[in-house]
Amino acid sequence: MKLVYSHFREERGVQFYADTLFITPKHLSKTLKEITNKTCSELIDELVITEAKILLEDMGQSVAKVAEYLNFSDQFFFSKFFKRHTGMNPSQYKVHF
C-alpha cells in the first residue's frame, strides 16, 4: 500500500508494483483483493480519481494541468479516464464544485 501511495501519480500499471515487490501481478492483485476487497488496479484508479477531484476543486488548476500532474499522456485520455470512473467529465466536475 505504501508503494501505491508513493507512486500512483507516476505509475498506474500493476506490473510496476509487482516488479518492485518481486512478485507476479496476479499474486499482487489476488492478495490485495483478499485484504481490501479491491484489485491493485482498482486501488490505483481510486487514488488517481481522489487526487484528481482534489486538484479539480482548486479553481486555479486547469484540466490540462491536472492531467499533466497525474502523468496522463494528454488531457483527452485523462478526461475519458475521469468520466469512466465518475460519470462526468473533469470540466463538469469543476463546475459542479
Side-chain angles (χ1 to χ4, degrees):
M1 290 303 292
K2 286 181 182 180
L3 276 175
V4 175
Y5 286 121
S6 297
H7 298 285
F8 75 92
R9 288 176 197 89
E10 303 90 27
E11 296 289 342
R12 284 186 292 280
V14 176
Q15 188 70 50
F16 167 81
Y17 298 98
D19 288 348
T20 304
L21 295 168
F22 304 105
I23 59 176
T24 66
K26 184 177 179 178
H27 180 69
L28 177 58
S29 284
K30 181 179 178 229
T31 302
L32 282 173
K33 184 80 169 176
E34 289 171 1
I35 295 168
T36 67
N37 207 30
K38 295 179 183 178
T39 66
C40 190
S41 293
E42 290 169 337
L43 287 169
I44 295 165
D45 289 353
E46 188 176 284
L47 283 173
V48 171
I49 290 297
T50 300
E51 184 78 0
K53 286 178 176 180
I54 291 167
L55 294 168
L56 289 168
E57 289 171 16
D58 176 3
M59 296 311 253
Q61 294 288 340
S62 68
V63 174
K65 284 286 185 195
V66 172
E68 181 181 333
Y69 179 75
L70 294 173
N71 288 305
F72 281 86
S73 56
D74 58 47
Q75 183 178 339
F76 175 74
F77 183 68
F78 168 67
S79 293
K80 283 180 64 174
F81 175 86
F82 191 88
K83 186 166 187 168
R84 185 173 69 242
H85 290 280
T86 66
M88 62 179 81
N89 68 44
S91 298
Q92 290 170 318
Y93 185 83
K94 274 183 76 102
V95 171
H96 186 46
F97 284 90

For the student: nearest non-hydrogen atoms of F82 and P90, plus distance: CD2-N, 3.6 Å
Sequence neighbours left out, what passes side chain to side chain contact (heavy atoms under 4.5 Å, CB included) with F22? Give chain and number order. none
Membership question, hydrophobic clusters at under 4.5 Å side-chain separation (ILVMFWY): are L21 and Y5 in the same one? yes
Can you tell me how far CZ of R84 sits from NZ of K80, rounded to the nearest 0.5 angstrom? 8.0 Å
Results of ring pair (Phe, Tyr, Trp, His ring centres under 6.0 Å) for H7 - residues two or more places apart only: F16
How many angstroms lie between atom NZ of K30 and atom SG of C40, to the nearest 0.5 angstrom? 15.0 Å
Crowding at NZ, K33 (>12 non-hydrogen neighbours, <6.0 Å): yes
For residues 39-62, pull every pair meeting ring-ring contact (aromatic ring centres under 6.0 Å, His included), keeping only residues two or more places apart or in separate chains. none
Once ring pair (Phe, Tyr, Trp, His ring centres under 6.0 Å) is applied, do any residues pair with Y69, and if so which ones, sequence neighbours excluded? none
Provide the closest heavy-atom pair for L56 versus K94 in the form atom of the first, atom of the second, distance. O-CG, 3.4 Å
Are M88 and V95 grouped together when hydrophobic residues (ILVMFWY) are joined by side-chain heavy atoms under 4.5 angstrom apart? no
Which heavy atom of A18 sits nearest a heavy atom of P25, and at what distance? CB-N, 3.5 Å
Return the set of residues passing side chain to side chain contact (heavy atoms under 4.5 Å, CB included) with D74 (not counting sequence neighbours), or none when no residue passes. F76, F77
Sequence neighbours excluded - salt bridge (charged side-chain N to carboxylate O under 4.0 Å, His left out) pairs with any residue from residues 4-17: R9-E51
Are V4 and I35 connected in the hydrophobic side-chain network, where two residues link if heavy atoms are under 4.5 Å apart? no
Mind checking side chain to side chain contact (heavy atoms under 4.5 Å, CB included) for K83 and listing every partner two or more places apart, or none if nothing turns up? none
Mind checking the CG-CG spacing from L43 to L32? Nearest 0.5 Å is all I need. 5.5 Å
Could you measure the distance from the CG atom of D45 to the OG1 atom of T50? Nearest 0.5 Å is fine. 10.5 Å
Could you tell me which residues satisfy side chain to side chain contact (heavy atoms under 4.5 Å, CB included) with N89, sequence neighbours excluded, listed by chain and number? S91, Q92
Quick check: do F81 and V48 have side-chain heavy atoms less than 4.5 Å from each other? yes
Residues that Y17 engages under ring pair (Phe, Tyr, Trp, His ring centres under 6.0 Å), provided they are two or more places apart: none
What residues, two or more places apart in sequence or in another chain, satisfy salt bridge (Lys or Arg N to Asp or Glu O under 4.0 Å) together with E68? none
Tell me every residue that passes ring pair (Phe, Tyr, Trp, His ring centres under 6.0 Å) with F8, counting only those two or more places apart in sequence or in another chain. none
Where at least one partner belongs to residues 52-67, residue pairs that pass side-chain hydrogen bond (donor to acceptor under 3.5 Å, both in side chains), sequence neighbours excluded: E57-Y93
Would you compute the distance between atom CD1 of I49 and atom CD1 of I54 and round it to the nearest 0.5 angstrom? 11.5 Å
